[in-house]
2 protein chains.
Amino acid sequence: MTKHALKLTIDRQSAVPLYKQIKEILIKELQAAAGETGRPFSTEHELVERFHVSRAPVRQALKELANEGYVYRERAKGTFPVQEMPVRPPGLELGGLVGFLRDQGMDCKSKILSVDWVLPTENLCEILRIEPNDKALRISRLIMLKGKPLVWAQTYLLVPEDFQPGKRELEEAESVFVLLEREQGILISRGDHQIYASGASQMVAEVLDIKDSEPVLITETKLYTRNDRLIGWRKAVHIADDYKLSFSVNR
Amino acid sequence: MTKHALKLTIDRQSAVPLYKQIKEILIKELQAAAGETGRPFSTEHELVERFHVSRAPVRQALKELANEGYVYRERAKGTFPVQEMPVRPPGLELGGLVGFLRDQGMDCKSKILSVDWVLPTENLCEILRIEPNDKALRISRLIMLKGKPLVWAQTYLLVPEDFQPGKRELEEAESVFVLLEREQGILISRGDHQIYASGASQMVAEVLDIKDSEPVLITETKLYTRNDRLIGWRKAVHIADDYKLSFSVNR
DNA sequence: CAGTGGTCTAGACCACGTA
DNA sequence: ACGTGGTCTAGACCACTGT
């Protein structure tokens, strides 16, 4: 049972904030001790003494752990680990689905169908609040799982015309967003999602290799930069039943 | 344009924490000034002076406003309102869809189809980790919008047998959860959601008054109490196209 | 350079649950 | 009565942005 030695102390010289170091240590310990039932977790006081810090970084670490579902806290009672560690797959995260599925050991491939500049449809003009002659970069990507189509995503981006990612480049990067950040310094920091079910259109059916009007799950996302500028829109069509979005809501 | 006077000061005698009072005031001001473009928001320093408080409550208020999508903050630059106020409809919130739709001025009714104690199916036993002879309370509810079925939700709860809500009681309460809290002191505090599209089964088609195998959106939710105890499961079937889940993801 | 938000210290008082 | 987490004060130093 003696695994890798767990990092036990914090580094005051590090540029990494204390609360983040504490959080990382606690996450590792929680994962190492996963399954042990009902044992109590350290109190704020114990952590303050253990790490020789004030309450603020301890509280910030515990608060983030609670927000992310690792522990729950009850006033006057204490802090307790949740029984089942959160899985938090992406899907509503922004980009990176392919990498995630691969990490899970799934046979997952991504194919760029096309990269081109297009004139927006009327619908798209309204959504992105642009004029009909403002061109947008359209990236069409098909994600395959075990050789079968899983998701077809089309992303429209309002970016300078000198952003010209190649197909291979995109396939290697696993997400447009990392290229955007690397080459243009543009960071996508928020997505407004709408999720609904629908029947596959003829084109969708063709791309995903299913029958016409078969059920599909559609997520439409408005993409915003760090400065809250609306910079793009994405529509992803997911095969029904095979693809499930998962996530938690706390209150 | 002179609406109700905005509350401008905080009440130190109130039991409501300062940061919540500040947050509420700021939300009202943001909504009142919605649409005005690009104006800067108060800095932490200004708010400290305005409300005569220390930085902590101001920071907590601003942090929550940022988490909830009202403002975004940039280090060394400032805090700025987002252009479009978040709408935040529920749907993934826990309970209260009916009330929300009514607030939006929609003609929305809720009908309890049945309330009964049932033996769990094999599938449900696995999900809730119970024995096949542990009974569960099943509540079947149909939500109608403009006279047409919108959502069919079935909730299974592991609760003491003396919790016997009546149909009328449930319809008035708008959600089982408020009754659970009021009558049993049980607070549902977390939901693990799975969302997918599927074709309507024969039974679903009948209840929702649609054709067999028409697309539907399904959300399955595991319900947890404040102590992280798995206390129930809910499966909700939504009419396709008419019903869209909406929400934001920040990173 | 001054001003911003991010982090941290070292205290304090409180409401609430357990014993 | 005691310990828990929730809130608050009044300071401090830092990295970064804009001028």
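Every chain is numbered from 1, with letters handed out A, B, ... down the list of sequences.
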Check whether any side-chain N or O of [X] sits under 4.0 Å from OP1 or OP2 of [N], and answer yes or no.
X	N	answer
A:R12	C:dC8	no
A:S54	C:dA10	no
B:T79	C:dT4	no
A:Y19	C:dC8	no

Rounded to the nearest angstrom, tell me the gap between atom [atom1] in [X] and atom [atom2] in [N].
X	N	atom1	atom2	answer
B:L65	C:dG5	CG	C1'	15 Å
B:L62	D:dC8	CG	P	13 Å
B:L18	D:dG6	CG	P	17 Å
B:R59	C:dT7	CZ	P	7 Å
B:H52	D:dA10	NE2	P	12 Å
B:E44	D:dC14	CD	C1'	14 Å
A:Q21	C:dT7	CD	P	12 Å
B:K20	D:dT7	NZ	P	6 Å

Residues 15-26 of chain A side chain polar contacts: donor-acceptor under 3.5 Å, at least two apart:
residue	atom	partner	partner atom	Å
A:Q21	OE1	A:D11	N	2.7
A:Q21	NE2	A:D11	O	3.1
A:Q21	NE2	A:V16	O	2.9
A:K23	NZ	A:E64	OE1	2.7
A:K23	NZ	A:E68	OE2	2.9

- Message: Once side-chain hydrogen bond (donor to acceptor under 3.5 Å, both in side chains) is applied, do any residues pair with A:Q194, and if so which ones, sequence neighbours excluded?
- Response: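 If we apply the side-chain hydrogen bond (donor to acceptor under 3.5 Å, both in side chains) test to A:Q194, skipping adjacent residues, the hits are B:S246.
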Please name all residues satisfying salt bridge (charged side-chain N to carboxylate O under 4.0 Å, His left out) with [X], sequence neighbours left out, ordered by chain then number.
X	result
A:K77	A:E74
B:R229	none
A:R55	A:E44

- Message: Using a 4.0 Å heavy-atom cut-off to protein, can you give one letter per nucleotide of nucleotides 11-19 of chain C, 5' to 3': B if the base is in contact, S if only the sugar-phosphate is, - if neither?
- Response: -B--BBSS-
- Are a donor atom and an acceptor atom from the side chains of A:R141 and A:S110 found within less than 3.5 Å of each other?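 Side chains of A:R141 and A:S110: pair found under 3.5 Å.
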- Are any side-chain N or O atoms of B:R234 and backbone N or O atoms of B:G191, one a donor and one an acceptor, separated by less than 3.5 Å? no
